Amino acid sequence: MDGFQTSFAAELKKLYNASRISSYRDLATKSGVPPATISEWFTGKFRRTPDWEKVKAIVKACVAHAPDDPEVLRLGDVDWWRREHGRLQSNLDRLPQRPRHPRTRPTDPVIGQWTPEQLGVHRVVAIDGTDADHAPLTGYLLRTHDERLRQALREGCRFVVLTGSTCTGKTRAAFEAVRAELPELPLLRPFSPDQLLLRASAGDLEHRGVLWLNELHSYLNHAAGPQVVDALAAAVNHPGGVVVVGTTQTAKWDSVMDDGCQHDAVRQFLISVRHIEVPESFVDDADSRARLQAASRDDPRFAYAVEAAANGRVIQALTGGPALLAMLAKPTNAVANALVEAAIDGAVLCGTPEVSEAFLRRAAPGYLTAAQRAAADTWFDDAIMTATKPVKGISALTPLRLAPDPGTPDAFQPHDFLAHHHDTEHARVPATTWSALVDHAPESEARLGLAESAKQRGLYQTAALALLPTVNARAGAEAMSHLLNRDEEWLRFAAERGSEHSIWRMAWRAGESGDRDGAASWWRRHLELTHGYAMSDQVGTLAELGLLDDAVDWLHPAADAGNRIALFATYDLLCWANRHGEAIRTLDGLAIGGDRDAQLRVAWAYADMGDQSEAVRRMTAIAETGDTYAMHWLADAGADAELWTRRAADRGSKWAIRKLASDEDPVASAKLWLNRDIFRASSLYAAGGELAKALALWKPGAEAGDRFSMRMLGELLAQAGERGTAESWLRKAAEEEVAVNVIALAEFLAQESRYTEAAGLVTDAAERGEAWAIDSYVKTLTTAGKRSDAIEWLTDHAVRGSVHCMRQLGEILDSAEWRERAARASGSARSIRRIAREYRDCGRLAEAIELLRPSAAHDSRSTGMLVNILEEMGELDEAEQRLRDSLERGIVAMSALEHFLSSHGREAEAAQLERYGIDVGGQTAEPWQVSPPS
């Protein structure tokens, strides 16, 4: 996060703390701003400017809660916040970005120029004697989800997500659909969130193309998840932007969509995307089974998969995954299985696709029992031969040669199916694996990844040892300084190697200790290195040290050379020193050249020095270019407020529209929203009795074939009493079986008492297990007075294993038994926590614990609830052991265990834990030390 975000967040948090509002949730209730948004803003984890109206609502809520507190009144000056918000907006606008390309199409290859394996499609098994006669992939068998996917792409859907269990054909379905429907579009394949954000900042997502996001959850659950969502939202809302095609496992998708999601903004955005579930089996699809049988007669790989598949899971059998699992499960292959598990753990912990042979030799014994370790001297060669031997053409470990010269394999890559099946993310990793990785991690990037994995699991000493070989480079030194954040020696070492953050910390520490000369030395290095980037966060500290004039001098060479960051930093310094005239001259050249940020700052400087007329003149010139921020400023400054507010509203400014809109005159408000939100404008016209105008908004789109417009037109016609025409449009909207459109037609028919027709619309989808269709079907039966039929249907399907039907029965019958069965069947941590909370509230603590234990093995909130209940029952040893185990598995943060120890009178151990972490096994580490190289 950058300095100006930190500064803005710190001031906002300071106001909140001064107001003594009890919690973020309480503040959310008072301000109307969601708790997740408040948390994001208070921690500075944002890259888009916070909405001004919401910021103002937070400020006013804090002031209203403590209206007599002089500190709150001082910190809650709305005019000051308005100005700071403007400064923040301009600072965020100039975050470093790659230069934007001119509006030409990306040069990425079209899908026909990518190989399936490059896009994540798994290889298929080979059958002895048939390799020469068959292509690397089998022919593709269309299933129900394929038609829905291709239809979505034909309709122009901009974001489609395929979910399913491991190796069910998600990526192959996406590959074939794009190849069939969008073969001419360039395909962009970013391999990480950072790469995606770089492509977005370069403008590449604003051109027609396909954005391929295999393993979508890895982009969304990343620390940059909200920024990724912002980039994706901007892309799919851009008229000429990319079509996003993503795949992920159902469990990962459910985790993202769960209320426990790390980023609320991520979940809110994903609610609107087209979600298609890929079934793991051919069992329930008669047409697909028939095509499969026909294909089996022509391709022996299909014949093998049909015979080998369990419960119709043909696609998994085709990838060879189940066959590999069966091979590795044989007792005689225990050592080969140990090699595979070690390879998976090593690759995941380092963030690399492969691991070295030397690592495998060291790590594998940790996965074997004492009896299994009693092996011949050739154990490794024998086991590696088994693990790399193809089973139906697919190997558990693929041998590689990373050295530039030909020779024997020196690295191995585990099969993707096995990696998903093993789930390193929440596994306890043997000590041999950690020590082998410390000794044999291949390069700096892998060591940085290893150190981060160890740190997240509380293994601080392992993290430090992993970093040691990298510390002579800036990134390694900085990572070590972060890990050992109380160690002055490492902080200085990292600073001397050019770590910007470490230099800043050295400067701050010197200033805090009263060492002005030392602070000046470090601040000079920092400003010369960064050119004063994020000066708004630093200028106050420099002023307290009396270094404003020095800082201007330090930045002088870069500013004179035209460095834009240095010019803006110099401006901030001069303004803080009340040298506004010099500040204006610093940026006047940029302002005259049309730089909007410079123009705004020059106007602010005139306002700050009391020349309001010149400030208004300058801001007016900016506003005349269509800049809504300048219009807002002029309106707040009282310069023709009504005029500028209306002009901002005409440009689609939500702030201006809300200011002018009136609940008492919805028609006038609708006119204001026309340029910004047609849906809201339509609703306001309808509320004001102007249905004809509301209909006119949707009719052109409906006649052009847009199904959303058809649905909106149909619903409004029904409201107007034109039921026949309404039904016609609703039927057209529902032709492509988009869930929300089918539901709208079903509800319309139910209102007409045509319950059989309404139920018939969704029966097939409900039988397939589509949640939306089940809900609609049950609602229709209940509305028709057939509640008992609805319960009977749900019970029948629940008994057959439908989790959604179990949930519905739990709600309709208020049945704790059905809710618990649904929670257990789905494995949903959120559902399990809900049932456990009910048990706890009614005193059934033992049952709550039993329910939570499996979920706590992978979910931090379930672990927290389980620990709290164990504490209530006095089971402190088990509660502590659960926390230690969960920390080592990477499920809970170190702070959870620290808090537990402190709350039970073990503050000294908590302090030791905070500094030294835990050992492998979960015990608090004894003091240790790693010194910088001399």
Side-chain angles (χ1 to χ4, degrees), residues 148 151-160 233-241 243 268-269 271-275 649-654 656-658 660-752 754 757-758 761-762 772-773 775-776 779:
R148 292 174 59 209
Q151 178 181 299
L153 296 179
R154 284 195 297 271
E155 288 179 346
C157 180
R158 299 288 297 281
F159 198 156
V160 184
V236 300
N237 290 324
H238 191 281
V243 176
Q268 292 301 320
F269 172 67
I271 288 172
S272 65
V273 310
R274 187 76 62 88
H275 170 218
D650 291 341
R651 300 283 300 184
S653 163
K654 288 169 69 173
I657 293 170
R658 286 172 175 153
L660 294 171
S662 166
D663 293 339
E664 297 175 3
D665 191 351
V667 173
S669 298
K671 294 175 182 177
L672 293 167
W673 282 106
L674 280 175
N675 292 333
R676 177 78 192 201
D677 187 338
I678 188 175
F679 181 84
R680 187 174 297 193
S682 169
S683 300
L684 288 166
Y685 272 135
E690 295 282 0
L691 275 172
K693 291 181 178 178
L695 291 168
L697 294 178
W698 298 111
K699 193 169 184 180
E703 291 175 341
D706 179 71
R707 298 192 185 278
F708 179 77
S709 299
M710 293 177 189
R711 175 166 62 86
M712 297 307 302
L713 184 61
E715 290 177 348
L716 284 169
L717 285 165
Q719 189 177 336
E722 299 181 35
R723 310 289 292 183
T725 311
E727 181 177 344
S728 175
W729 280 113
L730 289 171
R731 285 193 179 280
K732 288 180 181 178
E735 283 174 358
E736 303 290 356
E737 204 180 276
V738 176
V740 67
N741 295 343
V742 176
I743 291 170
L745 177 58
E747 289 180 349
F748 173 87
L749 294 172
Q751 291 169 6
E752 300 270 299
R754 294 155 63 183
E757 288 180 74
L761 284 172
V762 297
W772 66 268
D775 294 344
S776 180
K779 182 179 179 181

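Just so we're clear, the structure is a prediction, and the values are computed from it rather than from any experiment.
- Among residues two or more places apart in sequence or in another chain, the side-chain contact (heavy atoms from CB on, under 4.5 Å) test is passed with Leu749 by Glu727, Arg731, Leu745, Arg754, Glu757, Ala758, Leu761.
- Residues meeting the side-chain contact (heavy atoms from CB on, under 4.5 Å) test with Arg154, sequence neighbours left out: Glu147, Arg150, Gln151, Glu181.
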Please table the atom pairs, donor to acceptor, closer than 3.5 Å between any side-chain atom in residues 681-691 and protein atoms at least two apart or in another chain.
residue	atom	partner	partner atom	Å
Ser682	OG	Trp698	NE1	2.9
Ser683	OG	Phe679	O	3.1

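- When the side-chain hydrogen bond (donor to acceptor under 3.5 Å, both in side chains) test is applied to Ser653, the partners found at least two apart in sequence or on another chain are His632.
- Here salt bridge (charged side-chain N to carboxylate O under 4.0 Å, His left out) pairs that include residues 704-718, with residues two or more places apart or in two chains, are Glu155-Arg707, Arg707-Glu735, Arg707-Glu736, Arg711-Glu715.
- The side-chain hydrogen bond (donor to acceptor under 3.5 Å, both in side chains) search around Lys693 returns none, not counting sequence neighbours.
- With sequence neighbours left out, Arg658 forms a side-chain hydrogen bond (donor to acceptor under 3.5 Å, both in side chains) with no residue at all.
- Nearest heavy-atom pair across Ser709 and Ala702 is CB-N, 3.4 Å.
- Between atom CD1 of residue Ile743 and atom CG of residue Leu730 there is a gap of 13.0 Å, rounded to the nearest 0.5 Å.
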(Q) Between Val762 and Trp772, is the side chain to side chain contact (heavy atoms under 4.5 Å, CB included) condition met? List the steps. (A) CA-CA 9 Å; Val762 297; Trp772 66 268; 3.8 Å; yes
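- To the nearest 0.5 Å, the span separating CG on Leu153 from CZ on Arg148 amounts to 12.5 Å.
- Going from atom CD1 of Ile678 over to atom CG of Leu697 covers 4.5 Å, rounded to the nearest 0.5 Å.
- A donor-acceptor pair under 3.5 Å is formed between the side chain of Arg158 and the backbone N or O of Ala235.
- In this structure Asp665 satisfies the side-chain hydrogen bond (donor to acceptor under 3.5 Å, both in side chains) test with no other residue, sequence neighbours excluded.
- Thr725 pairs by the side-chain contact (heavy atoms from CB on, under 4.5 Å) definition with Leu717, Glu722, Trp729, not counting sequence neighbours.
- Residues Val160 and Ala152 come closest through the heavy atom pair CG2-CB, 4.2 Å.
- With sequence neighbours excluded, the residues forming a side-chain contact (heavy atoms from CB on, under 4.5 Å) with Ala649 are Ala656, Ile657, Leu660, Leu672, listed by chain and number.
- Rounding to the nearest 0.5 angstrom, the gap separating the CG atom in Leu713 from the CD atom in Glu703 is 8.0 Å.
- The nearest pair of heavy atoms linking Ala718 to Ala726 is N-CB, 3.5 Å.
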